Amino acid sequence: MKRRFGPLRILGVGIALTVGGCGSAGATTPPAPSAGMPTALTLPSPSAAGTIHVIHHVIVVMQENRSFDTYFGTYPGADGIPMSNGSPSVCVSNPAAGGCDKPFHMTANSDSGGPHGQVNAAADIAGGAMNGFIGQAEHAKQGCAGTFNPTCAGTGTSDVMGYMDQREIPNYWTWAGDYVLQDHMFEPNASWSLPAHLFMVSGWSAKCSNPGNPMSCTSALQNPGLPTATNPDPYAWTDLTYLLYKNNVSWGYYLSNGTQPDCADDEMVCTPGSQNATVPGIWNPLPGFGDVKSDGQTGNVQTVDHFLTAAKDGTLPAVSWVVPNGKVSEHPPALVSDGQSYVTSLIDAVMAGPDWSSTAIFLAWDDWGGFYDHVVPPTVDGSGYGLRVPGLVISPYARQGYIDHQTLSFDSYLKFIEDDFLGGQRIDPATDGRPDSRPDVRENASQLGNLTVDFDFRQAPRLAIPLSTTPQTDLK
């Protein structure tokens, strides 16, 4: 496949930079490592050499609704779709048509997925049989006004058994070959986007009977609720930004203006609502946390152009979360190509800036979106984990071509940040100075792996490898 080069553009944001790039390799082997750009590196301080503290900037880029098998099920060496003689050997029952359907190669740029609420997750997992995906998609609400609603599938034939490879998502596969692919990254809860994003920033999803009292909160994996005019701060428990602020660690939460799913639970059907930095939402929960407001930190939630400027100027905060709008989210029916281009533009911007040499980028997808995955999620506590999602680590210190088989979840991002910037302090009501009623400290789960194994902090930082934002693909 030819490599194709193009300008760096942020889709739907109106920012344009110019950085060259490279595409993918062939369709049956991992992409060959890309050649680094001959750019200078600004090295971290000598005192940090060989330790996690060479990382001065952690960036979590969170996309939407893809299972691991959907994107990397045929990646060589990964725990992918079971195969026999080069063909899938698993077959999932099809209640409507009878018989069963095997995974198939999919090239649709816009797809449907399946319902992905808490009930659907349990049905897909089916007690460990992992065979409920087609039935759930067939019985989902079809053609909903709110195309992002977790109870919905798209219109037409179910595509939950479809998978893509480097012919459709060449940049994602190239990063897997150049850096680290995590093949046991599980969403933190067996449910949909809002709980996943709450876990991403706080290690919990809950509902609080008294929004001003962190001890009134109880676990809520399906309907934690959104801020309202009468209850603007429903999330009373502690999120990571409390500890960051307390320890003078800078942070930013960046999102693209546009649309987001705006249904509060899977019983509702609604049209996509507007998304902006000042309005709490499903992909933007931090403005609904009481501690963010009491710390005076709501201004840290900004539009993504601020992230791009900081990347260019070398002023990235220590911790960044970057979330999409509906158009570039990869949440069905959004175009896969738009999402890949958007993510590439974010990562290229970091690579082109002076902070690259001290940065770790963690890229993941917030839930499985109803798509097939064959791995049974491990049991951690009453809240999770959920189904497997793709995870990538992109950093000048990341191990090259490494597949991380550890059990991971978004809790591992919190753990890495806490170990890097907070001396290992956890979001722990017994020690963090702000008690809440969370049932456990997720970062300390015995099953949870440690992201430090994905790095070689002793190696010389590798040069940047920007990719084309318009790679040649087989998407149709």
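The chain is numbered in sequence order, starting from 1. What you see is a predicted model; the values in this text were computed from it and never measured.
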Check your understanding: Passes side chain to side chain contact (heavy atoms under 4.5 Å, CB included), Ser412 versus Phe362? Steps please.
Key -> CA-CA 10 Å; Ser412 58; Phe362 300 117; over 6 Å; no
Exercise for review: Show your reasoning for whether side chain to side chain donor-acceptor pair (under 3.5 Å) applies to Asn189 and Ser205.
Suggested key: CA-CA 9 Å; Asn189 56 287; Ser205 174; over 6 Å; no
**Study point:** Step-by-step side chain to side chain contact (heavy atoms under 4.5 Å, CB included) determination, Trp356 to Val350
**Key:** CA-CA 6 Å; Trp356 162 249; Val350 176; 4.3 Å; yes
**Study point:** Steps toward side chain to side chain contact (heavy atoms under 4.5 Å, CB included) verdict (Phe416, Val60)
**Key:** CA-CA 11 Å; Phe416 187 94; Val60 177; over 6 Å; no
Exercise for review: Begin with the C-alpha distance, continue with both residues' side-chain angles, and end with the deciding distance and a verdict on side chain to side chain contact (heavy atoms under 4.5 Å, CB included) for Glu418 and Leu240.
Suggested key: CA-CA 9 Å; Glu418 292 160 354; Leu240 181 63; 3.9 Å; yes
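At a threshold of 4.5 Å between non-hydrogen side-chain atoms, the residues Pro317 and Tyr254 count as touching. Under the 4.5 Å side-chain criterion, counting only non-hydrogen atoms from C-beta, Asn325 is not in contact with Val304. Counting heavy atoms from C-beta on, the side chains of Ile465 and Tyr179 come closer than 4.5 Å. Two residues are said to be in side-chain contact when any heavy atoms from C-beta on lie closer than 4.5 Å; Tyr402 and Val393 fail this criterion. With a 4.5 Å cut-off on side-chain heavy atoms, Val54 and Phe455 do not count as touching. Side-chain contact check for Asp101 versus Val92: every heavy-atom pair is 4.5 Å or farther apart. Side-chain contact check for Thr473 versus Pro170: some heavy-atom pair is nearer than 4.5 Å. In this structure, Phe72 and Leu392 have side chains that are in contact, with non-hydrogen atoms separated by less than 4.5 Å.
Across all their heavy atoms, Ala121 and Ala190 have their closest contact at CB-O, 3.5 Å. Nearest heavy atoms, Asp355 versus Thr315: OD2-N, 3.4 Å. When all heavy atoms are compared, the tightest approach of Glu168 to Leu475 is O-CD1, 3.5 Å. Residues Pro324 and Met62 come closest through the heavy atom pair CD-O, 3.1 Å. In terms of heavy-atom proximity, Pro195 sits nearest to Leu221 at CG-O, 3.0 Å. Closest heavy-atom contact between Ser329 and Trp283: CB-CH2, 3.6 Å.
Taking 4.0 Å as the cut-off between side-chain N and carboxylate O, Arg442 and Asp381 count as a salt-bridged pair. A salt bridge links Asp419 with Arg426: at least one charged nitrogen is closer than 4.0 Å to a carboxylate oxygen.
Side chain of Asn247 to main chain of Leu243: a donor-acceptor pair is present (N/O by atom type, distance under 3.5 Å, no hydrogens or angles). Side chain of Asn120 to backbone of Gly117: a donor-acceptor contact under 3.5 angstrom is found. Between the side chain of Gln302 and the backbone N or O of Phe307, no donor-acceptor pair lies under 3.5 Å. Between the Ser341 side chain and the Asp338 main chain, no donor and acceptor come within less than 3.5 Å of each other. With Ser110 contributing its side chain and Leu335 its backbone, the two residues share no donor-acceptor pair below 3.5 Å. The backbone N or O of Glu330 lies less than 3.5 Å from no partner atom in the side chain of Gln340, so there is not a single donor-acceptor pair. Here the side chain of Glu187 pairs no donor or acceptor atom with the backbone of Trp365 at under 3.5 angstrom. The main-chain N or O of Thr238 is found under 3.5 Å from a side-chain atom of Asp436 such that the two form a donor-acceptor pair. Side-chain atoms of Asn109 come within 3.5 Å of backbone atoms of Ser337 as a donor-acceptor pair (strictly under, hydrogens ignored). Looking only at distances, no side-chain donor or acceptor of Asp178 sits under 3.5 Å from a matching main-chain atom of Gly401.
Between His331 and His116, the ring planes are perpendicular. Angles over 60° get that label, and only those under 30° would be called parallel.
Between atom CG of residue Leu408 and atom CG of residue Leu451 there is a gap of 5.5 Å, rounded to the nearest 0.5 Å. Rounded to the nearest 0.5 angstrom, Ser395 OG and Asp454 CG are separated by 10.0 Å. Atom CZ of Phe104 is separated from atom OH of Tyr163 by 9.5 Å, given to the nearest 0.5 angstrom. Distance CG/Asp373 to CG/Leu387: 6.5 Å, rounded to 0.5 Å. Distance check, rounded to the nearest 0.5 Å: CD1 of Ile347 to CD1 of Ile394 gives 3.5 Å. Between atom CE of residue Met185 and atom OH of residue Tyr413 there is a gap of 3.5 Å, rounded to the nearest 0.5 Å.
Taking the six-membered ring wherever Trp is involved, the centroid distance between the rings of Tyr372 and Phe133 falls below 6.0 Å. Note: Tyr253 and Trp251 fail the aromatic proximity criterion, with ring centroids not under 6.0 Å apart.
Between the side chains of Asp366 and Ser193, a donor-acceptor pair is found at a separation under 3.5 Å. Between the side chains of Thr74 and Asp165, no donor N or O sits under 3.5 Å from an acceptor N or O. A donor atom on one side chain and an acceptor atom on the other are found under 3.5 Å apart for Gln222 and Ser191.
A ring-ring contact (aromatic ring centres under 6.0 Å, His included) with Phe289 is found for exactly one of Trp204, Tyr245, Trp237, namely Trp237.
Evaluation of the salt bridge (charged side-chain N to carboxylate O under 4.0 Å, His left out) test over residues 123-134, restricted to residues two or more places apart or in two chains, returns none. Judged as a salt bridge (charged side-chain N to carboxylate O under 4.0 Å, His left out), the pairs with a partner in residues 59-84 (not counting sequence neighbours) are, in order, Arg66-Asp111, Asp69-Arg388.
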